[in-house]
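First the structure, in the form of structure tokens, and then the observations on it.
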Amino acid sequence: MQTIISPSILSADFADLKTDIKKVEPYVPWLHIDVMDGHFVPNISIGVPVVKSIRKITSLFLDTHLMIENPIKYVDAFIDAGADLITFHYEATKEKTLETIEKIKSRGKKVGISIKPKTQADEIKSYINLVDMVLIMTVEPGFGGQKFMQDCTEKIPLVKKYSKNENLIIQIDGGINETTGKICTKLGANSLVAGSYIYNSQDIKHAIETLK
Ligand code: DX5
Ligand code: ZN
């Protein structure tokens with residue numbers, strides 16, 4: 001399976017988002033949308049109305065990364081807006097992890113569970129076989145352009161070991177470029193998110209090719 005590249009629009013120009021989405025559209029199957037609430041992470045980005053507008057201008061698979069408290073409360077709104085996959089943070093769900101997974105599945109959408117750098121793979125062991133994707137963060141969530149934390153990649157083979165699903169998507173997000181991307185795919189990751197590496201590049205097509 002080819003690595004699924006998911007460009008993060010967090011590094012795009014929000015005043016010219018359509019142009020920036022069209023720049024990556026021919027080369028990738030997915031688009032990564034970072035939703036931040038200023039509580040779960042110390043930053044605020046975009047929300048439901050923006051996802052709704054993006055849905056109208058692209059048929060890319062909308063990979064929606066919710067970095068928000070109490071994600072279950074917003075699942076319906078993001079799915080109604082056009083999200084194809086909802087990834088929530090394990091740390092944000094408290095006792096509602098299972099309920100959140102079931103809620104997303106009940107709407108017929110793909111579900112991802114994400115862990116921050118300090119959360120161990122073991123903590124989500126019992127959920128790995130209930131989801132379509134595990135997103136391992138390699139930076140503290142909240143901002144683009146941070147330095148890749150290589151320690152976190154130790155979780156990739158562990159997640160693979162705990163999974164009974166050969167189609168499980170293991171996605172890595174944070175500090176991905178040509179070099180760090182290779183480290184992750186060698187360990188078994190099959191989806192890479194990249195924001196600043198793609199959008200700050202002079203040759204976007206080439207930057208994406210280097211990640212594949
Ligand atoms: C960080 C976000 C990432 C971010 C990655 O909280 O989840 O998706 O956009 O940015 P880069 O690729 O620049 O590290
Ligand atoms: Zn993200």
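In listed order, ligands and their atoms are each counted from 1. Worth saying up front: this structure is predicted, and the values here are computed from it rather than measured.
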Practice problem: For the Zn ion (ligand 2), report each protein N, O or S atom nearer than 2.8 Å, sorted by chain and then by residue number. | Solution: His32 NE2, Asp34 OD1, His65 ND1, Asp173 OD2
If hydrophobic clusters are built from ILVMFWY residues whose side chains come within less than 4.5 Å, do [X] and [Y] share one?
X	Y	result
Ile198	Leu17	yes
Met133	Leu31	no
Val48	Ile9	yes
Trp30	Phe78	no

Self-check item: From CG (Leu135) to CD1 (Ile169), nearest 0.5 Å
Solution: 11.0 Å
Quiz prompt | Spacing of Thr93 atom OG1 and Phe40 atom CZ [to the nearest 0.5 Å] | solution = 8.5 Å
Practice problem: Count the heavy atoms of every other residue, nucleotide or ligand shown that sit under 6.0 Å from NZ of Lys205, and state whether that count exceeds 12. | Solution: no
Quiz item: Should the heavy atoms of other residues, nucleotides or ligands under 6.0 Å from NZ of Lys52 be counted, would the total exceed 12?
Solution: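 Counting other residues, nucleotides and ligands, NZ of Lys52 stays at 12 neighbours or fewer.
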Quiz item: So, is the end of the Lys96 side chain (NZ or CZ) under 6.0 Å from the ring centre of Phe88 and within 45° of the ring's axis?
Solution: no
As a test of reading the model: which N/O atoms of the protein lie under 3.5 Å from N/O atoms of ligand 1, and at what distance?
residue: ligand 1; atom: 6 (O); partner: Gly142; partner atom: N; Å: 2.7
residue: ligand 1; atom: 7 (O); partner: Asp34; partner atom: OD1; Å: 3.0
residue: ligand 1; atom: 7 (O); partner: His65; partner atom: ND1; Å: 3.3
residue: ligand 1; atom: 7 (O); partner: Asp173; partner atom: OD2; Å: 2.9
residue: ligand 1; atom: 8 (O); partner: His32; partner atom: NE2; Å: 3.4
residue: ligand 1; atom: 8 (O); partner: Asp34; partner atom: OD1; Å: 3.1
residue: ligand 1; atom: 8 (O); partner: Asp34; partner atom: OD2; Å: 2.7
residue: ligand 1; atom: 8 (O); partner: Asp173; partner atom: OD1; Å: 2.7
residue: ligand 1; atom: 8 (O); partner: Asp173; partner atom: OD2; Å: 3.0
residue: ligand 1; atom: 9 (O); partner: Ser8; partner atom: OG; Å: 2.8
residue: ligand 1; atom: 9 (O); partner: Asp34; partner atom: OD2; Å: 3.1
residue: ligand 1; atom: 12 (O); partner: Gly195; partner atom: N; Å: 2.8
residue: ligand 1; atom: 13 (O); partner: Gly145; partner atom: N; Å: 2.8
residue: ligand 1; atom: 13 (O); partner: Ser196; partner atom: N; Å: 3.0
residue: ligand 1; atom: 13 (O); partner: Ser196; partner atom: OG; Å: 2.5
residue: ligand 1; atom: 14 (O); partner: Gly175; partner atom: N; Å: 2.8

